[in-house]
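This one's a predicted model, so the numbers in the text were calculated from it and none came from an experiment.
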Amino acid sequence: MSYQAFAYLYDQLMSEAPYDEWLRYTYKVDSAYGNSGKRVLDVGCGTGAVTTLLAKQGYDVTGVDLSEDMLTVAQEKVGEAGLSVPFYQQDMKNLEGIGPFDMIVAFCDSLNYLHTEEDVQQTFASFYDHLNDGGLLLFDVHSLFKVNERFIGATFADHDEHISYIWKSFQGDYPNSVEHELSFFVEDDSGRYERFDELHVQRTYAESVYRHWLESTGFTVVKVTGDFNDEFVSSTTERLFFAAKK
């Protein structure tokens, strides 16, 4: 999937994203269950927000994303921060030529962009192959509740000084999937607005299904929580967090 123009708008749209919470979660789980290693792979790294925070925390980070445009922005970001981070344009289902790592993180619902059961299982196998013994896999996904009750049929909109967007969500072709139709209106230097359109398709599964696939791959699931709060998952949890150990 190519984010095209969306890559250059992403940081503005995600300016209030809880990146510090992802960092806190990573550090807490790593401290409790990690193998004391510092090599981390940030999968679906996007524009490098989490990557940069992890590097500042002292981790030896590598970033992977499918979008060349996202990686261009990420490289600029870490350079401005005075950091050195290698980035690779790769498909998470078929990582190659990198690693092994002590931890793999895939945050901000990156795995929800995998559309088939086989894709998710293949991705878990790829992650497993690129972890050291005792290494951790940390990721978050949308819950069934969020996809079916919060997204489908909903419309979101926002406007600030230079950018506006309309975001409509529809039932996808797959079970428990959603199609996000996004239209952005960005003001240029002349005061005119240019329109960009994006289609994002996401799919999710029950907690028990993710757990089964992880365990079938060889992982031990050490913790499943919801919504950044370290609590057990409830019927209204919107974001599931998985921590699994090789």
Side-chain angles (χ1 to χ4, degrees), residues 1-3 22 25-26 29 33 40-46 50 62-67 70 88-101 103-132 135-152 169-180 199-228 232-233 235 237-246:
M1 171 183 183
S2 173
Y3 282 79
W22 275 299
Y25 171 80
T26 301
V29 176
Y33 302 103
V40 180
L41 178 65
D42 184 8
V43 176
C45 64
V50 172
T62 297
V64 164
D65 202 277
L66 194 58
S67 167
M70 286 283 193
Y88 297 90
Q89 184 182 7
Q90 292 194 15
D91 187 331
M92 68 176 77
K93 300 191 299 296
N94 298 291
L95 300 174
E96 57 182 1
I98 55 176
F101 299 94
M103 181 163 53
I104 294 176
V105 300
F107 292 137
C108 202
D109 43 88
S110 294
L111 269 69
N112 289 131
Y113 285 94
L114 300 171
H115 297 163
T116 70
E117 298 181 7
E118 292 76 17
D119 285 346
V120 180
Q121 294 175 75
Q122 185 177 343
T123 297
F124 285 160
S126 180
F127 289 169
Y128 190 89
D129 290 342
H130 286 78
L131 279 170
N132 288 316
L136 286 174
L137 168 61
L138 310 181
F139 67 93
D140 64 70
V141 289
H142 294 313
S143 68
L144 295 177
F145 172 77
K146 187 172 186 179
V147 166
N148 293 308
E149 303 296 330
R150 293 288 191 232
F151 277 148
I152 293 175
S169 298
F170 304 93
Q171 175 71 56
D173 293 334
Y174 299 99
N176 302 311
S177 70
V178 58
E179 296 185 0
H180 305 290
L199 175 65
H200 293 245
V201 179
Q202 293 187 307
R203 185 182 185 185
T204 200
Y205 305 89
E207 175 194 344
S208 59
V209 174
Y210 284 112
R211 185 186 292 270
H212 171 68
W213 287 338
L214 287 165
E215 292 173 346
S216 296
T217 304
F219 284 105
T220 299
V221 178
V222 296
K223 196 171 187 180
V224 182
T225 55
D227 295 334
F228 291 109
F232 292 108
V233 175
S235 60
T237 292
E238 296 193 4
R239 187 178 295 274
L240 307 178
F241 286 79
F242 287 82
K245 192 176 183 73
K246 178 173 178 177

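- Scored by the side-chain hydrogen bond (donor to acceptor under 3.5 Å, both in side chains) test, Lys146 finds no partners at all (sequence neighbours excluded).
- With rounding to the nearest 0.5 Å, the separation of CZ in Phe127 from CE in Met103 is 13.5 Å.
- Listed by chain and residue number, Arg150 satisfy the side-chain hydrogen bond (donor to acceptor under 3.5 Å, both in side chains) test with Glu238 (two or more places apart in sequence, or in another chain).
- Atom CG of Asn176 is separated from atom CD1 of Ile152 by 7.5 Å, given to the nearest 0.5 angstrom.
- In this structure Asp109 satisfies the side chain to side chain contact (heavy atoms under 4.5 Å, CB included) test together with Asn112, Tyr113, Asp140, His142, Gln202, Arg239, sequence neighbours excluded.
- Panel note: side chain Asp65, backbone Gly46; a donor-acceptor pair is recorded below 3.5 Å.
- Remark: Tyr88 pairs with Thr62, Val64, Pro86, Gln90, Ile98 by the side chain to side chain contact (heavy atoms under 4.5 Å, CB included) rule, at least two apart or across chains.
- For the side chain to side chain donor-acceptor pair (under 3.5 Å) condition, the pairs that include at least one residue of residues 117-128, sequence neighbours left out, are Asn94-Gln122, Thr116-Asp119.
- Between Thr204 atom OG1 and Asn148 atom CG the span is 9.0 Å, to the nearest 0.5 Å.
- Put simply, CH2 on Trp22 and CZ on Phe107 are 8.5 Å apart, with the number rounded to the nearest 0.5 Å.
- Asn132 pairs by the side chain to side chain contact (heavy atoms under 4.5 Å, CB included) definition with Asn35, Pro100, Asp102, not counting sequence neighbours.
- Here the OG1 atom belonging to Thr225 is positioned 9.5 Å from the CZ atom belonging to Phe232, to the nearest 0.5 angstrom.
- With sequence neighbours left out, Phe170 forms a ring-ring contact (aromatic ring centres under 6.0 Å, His included) with no residue at all.
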Item to complete: Mind running side-chain contact (heavy atoms from CB on, under 4.5 Å) on Phe219 and Leu131 for me, showing each step along the way?
Response: CA-CA 11 Å; Phe219 284 105; Leu131 279 170; 3.6 Å; yes

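- Among residues at least two apart or in separate chains, salt bridge (Lys or Arg N to Asp or Glu O under 4.0 Å) pairs with a member in residues 208-218 are Glu207-Arg211.
- By the side-chain hydrogen bond (donor to acceptor under 3.5 Å, both in side chains) test, Tyr205 pairs with Arg203, sequence neighbours left out.
- Side-chain contact between Leu214 and Leu137 is present, with at least one heavy-atom pair separated by less than 4.5 Å.
- Taking the ring centroids of Phe124 and Phe139, they lie under the 6.0 Å cut-off.
- Of all heavy-atom pairs between Ser110 and Gly44, the closest is OG-O, 3.6 Å.
- Scanning both residues, Leu138 and Ala243, for their nearest heavy atoms gives CD2-CB, 3.6 Å.
- The salt bridge (Lys or Arg N to Asp or Glu O under 4.0 Å) check on Lys246 picks up nothing, with sequence neighbours excluded.
- With values rounded to the nearest 0.5 angstrom, Leu240 atom CG is found 8.0 Å from Leu144 atom CG.
- In terms of modelled atom types and a separation under 3.5 Å, the side chain of Lys223 and the main chain of Val29 share no donor-acceptor contact.
- Here Glu179 pairs with Asp173, Leu199, Val201 under the side chain to side chain contact (heavy atoms under 4.5 Å, CB included) rule; sequence neighbours left out.
- Qualifying side-chain hydrogen bond (donor to acceptor under 3.5 Å, both in side chains) partners for His130, counting only residues two or more places apart in sequence or in other chains: none.
- Across all non-hydrogen atoms, the minimal contact from Val178 to Ser169 is CG2-CB, 3.8 Å.
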